[in-house]
Asker: 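Have a look at the structure that comes next, please.
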Amino acid sequence: MTGTIIIAGAGLCGARAAFSLRERGYEGQVVLIGSERHAPYDRPPLSKHADDGSLSIQYVAEEASYSAVGIEHVGGVAITDIDPTRHSVTLGDGRSLTYDKLLLAMGARPRLLPGLESLTKVVTLRSFDDALKIRDVIGPGRKLAIIGGGFIGLELAATARKLQTSVTIVESMPRLLARAVPAQVASVIQERHQLEGVEVLLQAGIASITEDASGVHLHLADGRDIAADLVVVGIGAIPNIEIAQAAGLAIDNGIAVDHFMRTSDIDIYAAGDCCSFPLQAYDGSRVRLESWRCAQDQGIIAAVNMLGIATPYEGVPWFWSDQYDLTLQIAGLPGLAVETVRRELSDGSFLLFHLDRDGRLVAASGIGRGNAIGRDIRLCEMLIAAKTHPKREELVSPSTRLKSLLAA
Ligand SMILES: Cc1cc2nc3c(=O)[nH]c(=O)nc-3n(C[C@H](O)[C@H](O)[C@H](O)COP(=O)(O)OP(=O)(O)OC[C@H]3O[C@@H](n4cnc5c(N)ncnc54)[C@H](O)[C@@H]3O)c2cc1C
């Protein structure tokens, strides 16, 4: 197949799609256009603590490898408009390019607190440049306030503590990680943060935020004031859908795609954090995920489908988070469960199996040191995909190997 494939968004998903096109033998033009100045890089390390404490950019692929396989990477310029009728996109610098197929891999951006745009000491974390700004401020004797007890805020809190920064987390909900993580796992995380010296304020509303030469001041609704050198807002992300919406593509909590990552326009695909898609393992329930592995796999699947090889995306949602020496993992959709069964593992690690009202395993989660739960969660993903109904007593007992449930 020849012609031109344009990929909008040079993140993990876009980069994986571009290389997959070449790996599958596509000989046409591949243009990867990204609004960031950097070549595609991984975001997970931006909030985590490297062994040596340093922050460096982790490229998805060596910069030279793009030109080596004929991928044209255009960095530092956004696509501002899509014209599906003329099969063209307009770039921020005024250029117009035509495509045969277009992949939208534009990711998501941090949700902002309204009215704080003019404050320079209130920031968000999504890009390498954001992470550099935060690293410039944190360190011994410095104070960081984090609004939002979600993954990014908590990982950043752990990193800041390792770098001897004072940290306060301000969360409006009654517990941390309330949106996506079972309470039993979240409470381990909360206890560990408190043990490490993080001040965790729950059910805390923000009345206002001000800044002056001395720093930034959080004024809480209950009258408390928190002074910090920097405030990081980590209250979730919003998918980048605007140019797709303006082009008339179907939107449903993200750019809506089918199992083949195809949008409502036959020649336009979408993948990664910007899209919502039907989940094969849950009878087509539509979700949007913000997950590294999903973005990578969907980029590859979108590429294959753009080449005309019909291949559905069949992944089970999976996410991990590293905080201190703990790793938590979640597979599937715990929100669908009505019952949770717990299995104790060695060294304080545990697994939770989440069952729906028919006893089907719809999700599994857990927490442990290092990769203690990694293999078991991988097996749970297979059990979830296979729509199994394991017996509760087998799930509780560590002597029942999960692999044997799969075989059954
Ligand atoms: C700090 C941090 C830590 C994370 N940690 C984890 C983790 O531990 N585990 C996990 O599973 N996931 C984690 N994630 C999530 C994971 O990184 C994302 O799911 C993944 O990056 C999504 O990839 P993507 O390519 O879809 O989108 P993105 O990585 O957001 O890339 C999209 C790119 O498109 C660009 N773009 C947007 N609009 C346009 C336009 N109009 N024209 C051109 N370019 C455009 C953006 O600037 C961006 O560079 C983390 C994310 C962050 C921010």
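Every number for a ligand or one of its atoms is a count from 1 in the order of the listing.
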Asker: Quick one: is the NZ or CZ of Arg16 closer than 6.0 Å to the six-membered ring centre of Phe19, and within 45° of its axis?
Answerer: no
Asker: Quick one: does Arg293 get an N or O within less than 3.5 Å of an N or O on ligand 1?
Answerer: no
Asker: Given Arg192, which of Leu326, Val198, Leu154 fulfils the side-chain contact (heavy atoms from CB on, under 4.5 Å) condition?
Answerer: Leu326
Asker: Could you tell me the residue and atom name of the protein heavy atom closest to atom 30 (O) of ligand 1, and the distance to it rounded to 0.1 Å?
Answerer: Arg126 NH2, 2.7 Å
Asker: Does a side chain donor of either His219 or Asp225 reach within less than 3.5 Å of an acceptor in the other side chain?
Answerer: yes
Asker: Select one of side chain, backbone, both or neither to describe which atoms of Thr80 lie under 4.0 Å from any atom of ligand 1, heavy atoms only.
Answerer: neither
Asker: Kindly identify the option in Glu290, Met106, Lys48 whose heavy atom sits closest to atom 38 (N) of ligand 1.
Answerer: Met106
Asker: Tell me, which protein residue and heavy-atom name are nearest atom 11 (O) of ligand 1, and how many Å apart are they?
Answerer: Trp292 N, 3.0 Å
Asker: State the atoms of ligand 1, each with its element, that fall below the 4.0 Å cut-off from a heavy-atom position in Ile33.
Answerer: 43 (C), 44 (N)
Asker: Compute the shortest N/O to N/O distance between Ile79 and ligand 1 and return yes if it is under 3.5 Å, no if not.
Answerer: yes
Asker: With a 4.0 Å heavy-atom cut-off (strictly under), which part of Ser35 contacts ligand 1: side chain, backbone, both or neither?
Answerer: both
Asker: Side-chain donor-acceptor pair under 3.5 Å between Ser65 and Glu63, yes or no?
Answerer: no
Asker: Return the residue, atom name and 0.1 Å-rounded distance of the protein heavy atom closest to atom 49 (O) of ligand 1.
Answerer: Glu36 OE2, 2.6 Å
Asker: Hey, are Arg286 and Asn253 close enough side-chain-wise for a donor-acceptor pair under 3.5 Å?
Answerer: no
Asker: Name the closest protein heavy atom to atom 53 (C) of ligand 1, giving the residue it belongs to and the distance to 0.1 Å.
Answerer: Ile152 CD1, 3.7 Å
Asker: For atom 51 (C) of ligand 1, what's the nearest protein heavy atom and its distance?
Answerer: Arg43 CB, 3.8 Å
Asker: Can you tell which part of Ser127 has a heavy atom less than 4.0 Å from ligand 1: side chain, backbone, both or neither?
Answerer: neither
Asker: Mind checking whether Trp320 contacts ligand 1 via backbone (N, CA, C, O), side chain (CB onward), both or neither, at a 4.0 Å heavy-atom cut-off?
Answerer: both
Asker: Side chains of Tyr41 and Glu36: any donor to acceptor distance under 3.5 Å?
Answerer: yes
Asker: Which heavy atom of the protein is the closest neighbour of atom 18 (C) of ligand 1, given with residue, atom name and distance?
Answerer: Asp273 OD2, 3.4 Å
Asker: What do you reckon, does Arg109 put a non-hydrogen atom under 4.0 Å from ligand 1?
Answerer: no
Asker: Using a distance-only test with no angle check, is there a side-chain donor-acceptor pair under 3.5 angstrom linking Thr120 and Glu211?
Answerer: yes
Asker: Which is closest to atom 3 (C) of ligand 1 by heavy-atom distance: Gly9, Ser47, Ser321, Cys13?
Answerer: Ser47
Asker: Starting from atom 14 (N) of ligand 1, locate the nearest protein heavy atom and write down its residue, its atom name and how far away it is, to 0.1 Å.
Answerer: Pro44 CG, 4.2 Å
Asker: Is the closest N or O pair between Asn240 and ligand 1 shorter than 3.5 Å?
Answerer: no
Asker: Please confirm whether Arg360 makes a cation-pi placement over Tyr282, using NZ or CZ under 6.0 Å from the six-membered ring centre and within 45° of the ring normal.
Answerer: yes
Asker: Please could you name the atoms of ligand 1 that Glu155 approaches to less than 4.0 Å, counting only its heavy atoms?
Answerer: 8 (O)
Asker: Which atoms of ligand 1 are found less than 4.0 Å from any heavy atom of Gly272?
Answerer: 26 (O)
Asker: Would you kindly say whether His87 and Asp100 are connected by a side-chain donor-acceptor distance under 3.5 Å?
Answerer: no
Asker: Are Asp265 and Thr263 linked by a side-chain donor-acceptor pair shorter than 3.5 Å?
Answerer: no
Asker: Would you please say whether a donor-acceptor pair under 3.5 Å links the side chains of His193 and Tyr324?
Answerer: yes
Asker: With a 4.0 Å heavy-atom cut-off (strictly under), which part of Cys294 contacts ligand 1: side chain, backbone, both or neither?
Answerer: neither
Asker: Suppose we measure from atom 23 (O) of ligand 1 to each protein heavy atom; which comes out shortest, and what is that distance?
Answerer: Ala295 CB, 3.5 Å
Asker: With no hydrogens and no angle check, do the side chains of Ser54 and Asp52 hold a donor and an acceptor under 3.5 Å apart?
Answerer: yes
Asker: Side-chain donor-acceptor pair under 3.5 Å between His38 and Asp129, yes or no?
Answerer: yes
Asker: Among Tyr41, Phe319, Phe128, whose heavy atom sits nearest atom 10 (C) of ligand 1?
Answerer: Phe319
Asker: Do side-chain atoms of Tyr313 reach the backbone of Cys294 as a donor and acceptor pair under 3.5 angstrom?
Answerer: no
